[in-house]
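Beneath this line is the structure, given in structure tokens, with notes to follow.
The first residue in the sequence is number 1, and the count goes up from there.
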Amino acid sequence: ISVDAVNAPVDPRAPLVAGADVAIQNSSAVNILIETQNFPIEGVVQLNITPKFGNSTTLNATRLSGDITSATWRVQTTLPQGFVTLQARATQP
């Protein structure tokens with residue numbers, strides 16, 4: 001849904017070059033919101049954070065609201081500087 005309150009595009013491209021899908025200039029912790037649809041709230045939602053140069057990190061998201069039809073999840077973290085790819089993964093129980 002968004003990164004640091006900046007809406008993500010419906011069809012992100014993750015070019016990792018001069019332009020970015022979402023431009024963030026924040027060295028503090030940011031909220032990354034993820035939406036699931038038709039997914040059980042008992043499931044696990046994770047966010048993989050991969051910098052252009054460096055190792056990836058996987059963090060678990062916390063469900064904020066919603067139900068199986070539509071739910072919002074949050075990851076709060078400090079993003080590495082530079083270009084970063086964010087990929088959400090949802091696993092059913």
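- Inter-residue side-chain proximity for P9 and V22 is flagged as met; some heavy-atom pair is nearer than 4.5 Å.
- Apart from I68 itself, the hydrophobic cluster it occupies contains nothing, where clustering links Ile, Leu, Val, Met, Phe, Trp and Tyr at side-chain heavy-atom distances under 4.5 Å.
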Tell me which donor-acceptor pairs under 3.5 Å the side chains of residues 27-56 have, and how far apart each pair is, sequence neighbours excluded?
| residue | atom | partner | partner atom | Å |
| --- | --- | --- | --- | --- |
| N31 | OD1 | Q76 | NE2 | 3.4 |
| E35 | OE1 | Q37 | NE2 | 3.4 |
| E35 | OE2 | S70 | OG | 3.4 |
| T36 | OG1 | W73 | NE1 | 2.9 |
| Q46 | NE2 | N60 | OD1 | 3.0 |
| N48 | OD1 | T58 | OG1 | 3.3 |
| N48 | ND2 | T50 | OG1 | 3.4 |
| K52 | NZ | L16 | O | 2.9 |

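- Every pair tested for side chain to side chain donor-acceptor pair (under 3.5 Å) that includes a residue from residues 77-93 fails, sequence neighbours excluded, so the list is empty.
- For D11, the salt bridge (Lys or Arg N to Asp or Glu O under 4.0 Å) criterion is met by R13, not counting sequence neighbours.
- Judged as a side-chain hydrogen bond (donor to acceptor under 3.5 Å, both in side chains), and not counting sequence neighbours, the contacts of D4 are N26.
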